[in-house]
Number of protein chains: 2
Amino acid sequence: MSLKHALLGLLSDRRASGYDLLKTFETSLANVWPATQSQIYTELTKLAGSGLIAVAAEGPRGRKEYEITDEGMAELRHWLTEVAPQPVNRSDVLLRVFFLGVLTPEQARAYLTDLMEMSQSGYEQLRRLADSIDWDEGNLSVYGRIALEYGLRFNAMRREWAEWAAGQLS
Amino acid sequence: MSLKHALLGLLSDRRASGYDLLKTFETSLANVWPATQSQIYTELTKLAGSGLIAVAAEGPRGRKEYEITDEGMAELRHWLTEVAPQPVNRSDVLLRVFFLGVLTPEQARAYLTDLMEMSQSGYEQLRRLADSIDWDEGNLSVYGRIALEYGLRFNAMRREWAEWAAGQLS
DNA sequence: TCAATCATGTAAAGGGTTACATGATTAG
DNA sequence: CTAATCATGTAACCCTTTACATGATTGA
């Protein structure tokens, strides 16, 4: 149910077309809540149908700019304050760890060192992103920076864990 | 596609019925790859149909005990060594952070302190779990302990981050 | 003029959740 | 005998992915 709220959240900041929103999903939300073009357009139509957003303007090439309605803002606030976030997130990466015993120790160690590298480059990529953004004083900046810090800490934690885990296989 | 591999992975350790596997999903895999009863039975039927597992024995109450086939083991190893784990995991918890600006600072801080508590109790729960398990020398133990350590480090990281983030709102 | 980009929409298939449905066996 | 547990299966609905399909506008 969160694609709906991701769209409401983005539209609470500024009006945007499906195309604009798609670009945002490909960049800032890519690591948190990926969504495809197909999914976004379908969901926008549904949201407009239920009155949570509305077409504010039309532009060239059939462009439709959506804005959030009062009802939509109420739904967004309701989700943020009343609906418990689901505590569990599936992790493909971690699931595999349970079954590394079917591989040779060398293969298992290779999996963990690959994870180390993946985490390291994820960290560096976010670090570069952080440096390239000019953080103004807006709310989106404040919370965007907080989310980015999460990503940095997560990657650092995972790198250290993978390093430790590889060391355990001896 | 990973429910399939989770089932193959569990069956690579020992034979089990759908009911047995369901219990395992409710306990050890609950925080990594949750699955419902409905999903498990459906997937087992499909896996048996494609020859990756087979019915090894039948018991009372229609119980069917499955075992992994050679083909299934090959598929499991292929997944572990050749298929890249998907690097992105959707996070409901983090998505909300992007939109905390629509709330009052008090509400936003409340969200973050709730996260701190959630992470803290998650940490303690895993700590208790770690103490209650008798870690024998088997492979599943080795890698189960490594996965559990990940959970501990993840919760610790998230608690510290949420604490830091709450402090940023000033 | 032509390639890149902007812009939207739909269909099919797969995976996950919730709910319904049934019945056998065992322990007290 | 009766409640708890064991045990399986199916249907409907929702969300996600991949693919197909189309066309307008802009910049070089």
For nucleotides 2-4 of chain D, give me every protein contact, N/O to N/O, under 3.5 Å, one pair per line with atom names.
none

Expected list for residues 116-123 of chain B: side-chain donor-acceptor pairs under 3.5 angstrom, two or more places apart:
residue  : atom : partner  : partner atom : Å
B:Ser119 : OG   : B:Leu115 : O            : 2.8
B:Ser119 : OG   : B:Arg158 : NE           : 3.0
B:Gln120 : OE1  : B:Arg159 : NE           : 3.2
B:Gln120 : NE2  : B:Glu124 : OE2          : 2.8
B:Ser121 : OG   : B:Glu117 : O            : 3.4
B:Ser121 : OG   : B:Met118 : O            : 3.3
B:Tyr123 : OH   : B:Arg127 : NH2          : 3.0

Quiz item: Thinking salt bridges, do B:Arg153 and B:Glu149 make one under a 4.0 Å N-O criterion?
Solution: yes
Quiz item: Can you say whether the rings of A:Trp79 and A:His5 are parallel (under 30°), tilted (30 to 60°) or perpendicular (over 60°)?
Solution: parallel
Quiz prompt | With sequence neighbours excluded, residues passing salt bridge (Lys or Arg N to Asp or Glu O under 4.0 Å) with A:Asp20 | solution = A:Arg63
Exercise. Specify the separation, in whole Å, of atom CG of A:Asn89 and atom P of D:dT16.
Key: 13 Å
Quiz prompt | Between P of D:dT8 and CG of B:Leu47, the distance in whole Å | solution = 15 Å
Practice problem: Tell me, please, which residues at least two apart from A:Thr69 pass side-chain contact (heavy atoms from CB on, under 4.5 Å). | Solution: A:Ala54, A:Glu71
Exercise. Over all heavy atoms of both residues, which pair between B:Val97 and A:Ile146 is shortest? Give the atoms and the distance, please.
Key: CG1-CG2, 3.9 Å
Quiz item: Donor-acceptor pair under 3.5 Å: do we get one between B:Ser38's side chain and the base of D:dT10?
Solution: yes
Quiz item: Do the charged groups of B:Glu58 and B:Lys64 touch, with an N to O distance under 4.0 Å?
Solution: no
Exercise. Measure the spacing between OH of B:Tyr66 and CG of B:Leu8 and express it to the nearest 0.5 Å.
Key: 12.5 Å
Self-check item: Which residues share a side-chain hydrogen bond (donor to acceptor under 3.5 Å, both in side chains) with A:Ser141, sequence neighbours left out
Solution: A:Asp136
Quiz item: Atom CD1 of A:Ile40 and atom P of C:dG9: how far apart are they, to the nearest Å?
Solution: 13 Å
Quiz item: B:Phe98: what forms a side-chain contact (heavy atoms from CB on, under 4.5 Å) with it, not counting sequence neighbours?
Solution: A:Leu29, A:Val32, A:Ala147
Quiz item: Along nucleotides 22-28 of chain C, 5' to 3', which nucleotides get a B, which get an S, and which get a -, given that the test is a protein heavy-atom distance under 4.0 Å?
Solution: -BBB---
Quiz item: Whole-Å distance between C:dT8 P and A:Leu44 CG?
Solution: 8 Å
Practice problem: Mind listing the residues from residues 14-28 of chain B sitting with a heavy atom below 4.0 Å of DNA chain D? Number order is fine. | Solution: B:Ser17, B:Gly18, B:Tyr19
Quiz item: Which residue, B:Tyr66 or A:Gln37, contacts DNA chain D at a nucleotide closer to its 5' end, judged by nearest heavy atom?
Solution: B:Tyr66
Distances under 3.5 Å only, N/O to N/O: pair up the protein atoms with those of nucleotides 14-16 of chain C.
residue : atom : partner : partner atom : Å
C:dG16  : OP2  : B:Gln39 : NE2          : 2.7
C:dG16  : O5'  : B:Gln39 : NE2          : 3.2

Quiz item: Considering residues at least two apart in sequence or located in another chain, which fulfil the side-chain contact (heavy atoms from CB on, under 4.5 Å) criterion with B:Thr45?
Solution: none
Quiz prompt | Exam field: side chain B:Arg109 to backbone B:Leu169, donor-acceptor pair closer than 3.5 Å | solution = yes
Quiz item: Which whole-number value in Å describes the distance from A:His5 NE2 to D:dC15 C1'?
Solution: 14 Å
Self-check item: For the student: nearest non-hydrogen atoms of A:Ala35 and A:Ile40, plus distance
Solution: CB-CG1, 4.1 Å
Quiz item: Does A:Lys4 have a side-chain nitrogen or oxygen under 4.0 Å from the phosphate oxygens OP1 or OP2 of D:dC15?
Solution: no
Quiz item: Using a side-chain heavy atom cutoff under 4.5 Å and only I, L, V, M, F, W and Y, what cluster partners does A:Val88 have?
Solution: none
Exercise. To the nearest 10°, let me know how far the axis at one end of the helix from C:dT1-D:dA28 to C:dG28-D:dC1 is tilted from the axis at the other, five pairs an end.
Key: 20°
Exercise. Give the minimum heavy-atom separation between A:Asn89 and B:Arg90, together with the two atoms involved.
Key: OD1-O, 3.1 Å
Exercise. Check whether any side-chain N or O of B:Tyr41 sits under 4.0 Å from OP1 or OP2 of D:dT8, and answer yes or no.
Key: yes
Quiz item: Would a hydrophobic clustering, with Ile, Leu, Val, Met, Phe, Trp and Tyr connected at side-chain separations under 4.5 Å, put A:Val102 with B:Leu47?
Solution: yes
